[in-house]
Amino acid sequence: MLSYSSALDWLYSTQMFGIKLGLEGITRLLQACGVLYPRARVIHVAGTNGKGSTCAFAESVARAAGYSTGLFTSPHLVRFNERIRVNGEQIPDADAARLICKVKDTVAAWETPPTFFELVLAIAMLYFAERGVDIIILETGMGGRLDATNAVPKDVAVLTPIGLDHTQYLGETLYDIAAEKAAIFAWHRPALSAPQQPEAVRALHEAALRMDTDYRIIAEECELPLGLHGAFQRRNAALALAALRALPHFLASEEEIARGLADTRWPGRFEEVAPAVIMDGAHNPPAIRVLVDTWQATYGEQKARCIYAGSADKALDEVLQLLSPIVEEWVLPPVQSPRILPPAEMAQKVRAHSAAPLTMPATMAEALASLPPHTLICGSFFLLGEAMAELTRTRSEYRKTEQ
């Protein structure tokens, strides 16, 4: 059997096959692994922003209520194992290596190899089956209709707020994107949604009619204490609770719900990594609006020393325009990803929207050498991963793509 490091090297090498939207390959893979039809109940979460936090709330509450949980999310910040968790714990290195080898052997003779994301989902489903979890919570990678996670039968479909993202794959309009994401709705299964913009509401309503599903918009906010910061998390928590309550035979006491919500942890979501030093993975305009609102609600008129990097395929001009009012100094470090706009090019965009001072440190270590209060580390998850690895002095596994 390959070592953990060698197994990961092989898994990462499959990223050369790129993104392949469609369910034929993943259905074949899950069937070959014997995990196409899990015994566990499944919550499937799609959307543009808030997916990870909603999944985290649902998992934490289910665990507090005594259920065994499997959580599949992406991307990871520092270690691959973050993507696959059972009962809140990351998959151990030995199990990850063993299951990577298992799927590697399964597909060795296939003419059309599975993608990286398909393989990781198969590994997760194998691990969940081995551990005999009661509830599986799946976060989509991208879209919904043709996302690999949509091959797994679900008991409840959940949509977080939908915005314009991945337009090269999902469509140019909000209606088109919402229709792609609403395609996770399952026949006669409950479907829940956060409040949406009118175009998205129309697409979701049409999808619900086609699937004859019990479709509800969850507009209320959770008033219980939460383990995640930001007023927007109250809607994510309410959506997560509604999803759990829609599961067949789910039971939880008020005390268990309160404990699960208060104990929820999710890295990179307005996370305080040092006194008044915030790390947040906001990287598109809707998420940046929420980040700015949360910053101002937390720190008032105090502006931020902003350590920032963004992917070239994102709406960077709009992001920078929204972010600039809370920034008093920009720090643009290099990030190890071909998708990240180089600091010199990013500096040109920043200067078009902000007159605040700007520096371009030579390394991530230099960017993080000083972390005064009211520092904001935000943007791409590539940046957050490298920053977290540097801050915790762990070795970041090089991530060649973001799923």
Side-chain angles (χ1 to χ4, degrees), residues 8 11-12 15 19 45-56 71-85 90 116-117 120-121 139-143 147 149 160-161 163 165-166 169 228-230 232-233 236 265-273 277-291 294 306-316 319-320 323 331-343 346 364 367-368 375-392 394-403:
L8 276 185
L11 185 60
Y12 284 135
Q15 292 178 335
I19 294 172
V45 182
T48 303
N49 294 303
K51 296 194 301 292
S53 299
T54 301
C55 289
L71 177 63
F72 175 77
T73 59
S74 62
H76 61 268
L77 288 182
V78 180
R79 304 193 76 238
F80 165 82
N81 309 50
E82 297 168 27
R83 295 170 178 257
I84 303 168
R85 302 172 190 247
Q90 298 174 21
F116 172 81
F117 190 75
V120 177
L121 176 60
E139 178 191 12
T140 56
M142 181 174 64
D147 188 83
T149 55
T160 66
D165 205 13
H166 299 297
Y169 297 105
L228 301 183
H229 299 290
F232 65 100
Q233 296 291 6
N236 291 338
R265 300 290 181 268
W266 198 239
R269 278 70 174 183
F270 211 81
E271 179 186 10
E272 189 173 37
V273 296
V277 176
I278 301 298
M279 185 176 286
D280 196 290
H283 57 272
N284 57 37
I288 289 291
R289 288 189 187 95
V290 169
L291 170 58
T294 305
C306 184
I307 302 174
Y308 178 79
S311 295
D313 61 348
K314 300 299 180 183
L316 293 177
V319 163
L320 293 170
L323 192 55
V331 180
L332 308 179
V335 176
Q336 296 180 58
S337 167
R339 290 182 57 185
I340 295 296
L341 195 70
M346 184 65 77
M364 184 65 68
L368 299 172
T375 292
L376 173 62
I377 306 167
C378 71
S380 170
F381 278 99
F382 290 105
L383 166 70
L384 267 62
E386 289 191 25
M388 183 65 76
E390 179 65 31
L391 289 173
T392 57
T394 52
R395 175 180 161 274
S396 176
E397 298 158 358
Y398 181 59
R399 291 160 55 243
K400 303 177 184 67
T401 192
E402 183 176 8
Q403 289 285 342

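Only a predicted model underlies this, so the values are computations on that prediction, with no experimental measurement involved.
Between Leu383 and Met364, the closest side-chain pair of non-hydrogen atoms falls below 4.5 Å. With a 4.5 Å cut-off on side-chain heavy atoms, Met388 and Val273 count as touching. Residues Ile340 and Ser380 have side chains in contact (heavy-atom distance under 4.5 Å, counting atoms from C-beta outward). When side chains are defined from C-beta on, Val120 does not count as touching Ser74, because their heavy atoms never get closer than 4.5 Å. Between Ser311 and His283, every side-chain heavy-atom pair lies at or beyond the 4.5 Å cut-off.
A distance of 5.0 Å separates CG of Leu71 from CH2 of Trp266, quoted to the nearest 0.5 Å. Considering CG of Leu291 and CZ of Phe232, their distance stands at 8.0 Å, rounded to 0.5 Å. The CZ atom of Phe72 lies 7.0 Å from the CZ atom of Arg83; values are rounded to the nearest 0.5 Å. Atom-to-atom distance recorded for Phe381:CZ and Asp280:CG is 7.5 Å, nearest 0.5 angstrom. Interatomic distance, CZ of Phe117 versus CD of Gln15, reported as 12.0 Å (0.5 Å rounding).
Using cut-offs of 30° and 60° for the angle between ring planes, the Tyr12 and His76 rings count as tilted.
Glu386 places a side-chain N or O within donor-acceptor distance of the main-chain N or O of Gln336, the cut-off being under 3.5 Å. Side-chain N or O atoms of Arg269 include one that pairs as donor or acceptor with a backbone N or O of Pro267 at under 3.5 Å. Between the side chain of Glu390 and the backbone N or O of Ala387, no donor-acceptor pair lies under 3.5 Å. Using a distance-only test at 3.5 Å, with no hydrogens or angles considered, a donor-acceptor pair links the side chain of Asp147 to the main chain of Gly141.
When all heavy atoms of Gly281 and Leu384 are compared, the pair lying nearest together is N-CD2, 3.4 Å. Taking both residues in full, the closest heavy atoms of Gly230 and Thr294 are given as CA-CG2, 3.6 Å, listed atom of the first, atom of the second, then distance. Met346 and Leu320 get closest at one heavy-atom pair: SD-CD1, 4.2 Å. Shortest non-hydrogen contact noted between Cys55 and Glu139 is SG-CB, 3.9 Å. Nearest heavy atoms, Phe270 versus His229: O-CD2, 3.6 Å. Counting all heavy atoms, side chain and backbone alike, Cys306 lies closest to Leu323 at SG-CD2, 4.0 Å.
With Ile377 as the fixed residue, the side chain to side chain contact (heavy atoms under 4.5 Å, CB included) test singles out one of Ile278, Leu368, Val331: Leu368. Only one option out of Thr54, Thr160, Asn284 pairs with Asn49 in a side chain to side chain contact (heavy atoms under 4.5 Å, CB included); it is Asn284.
Evaluation of the ring pair (Phe, Tyr, Trp, His ring centres under 6.0 Å) rule for Tyr308 yields no partner, not counting sequence neighbours.
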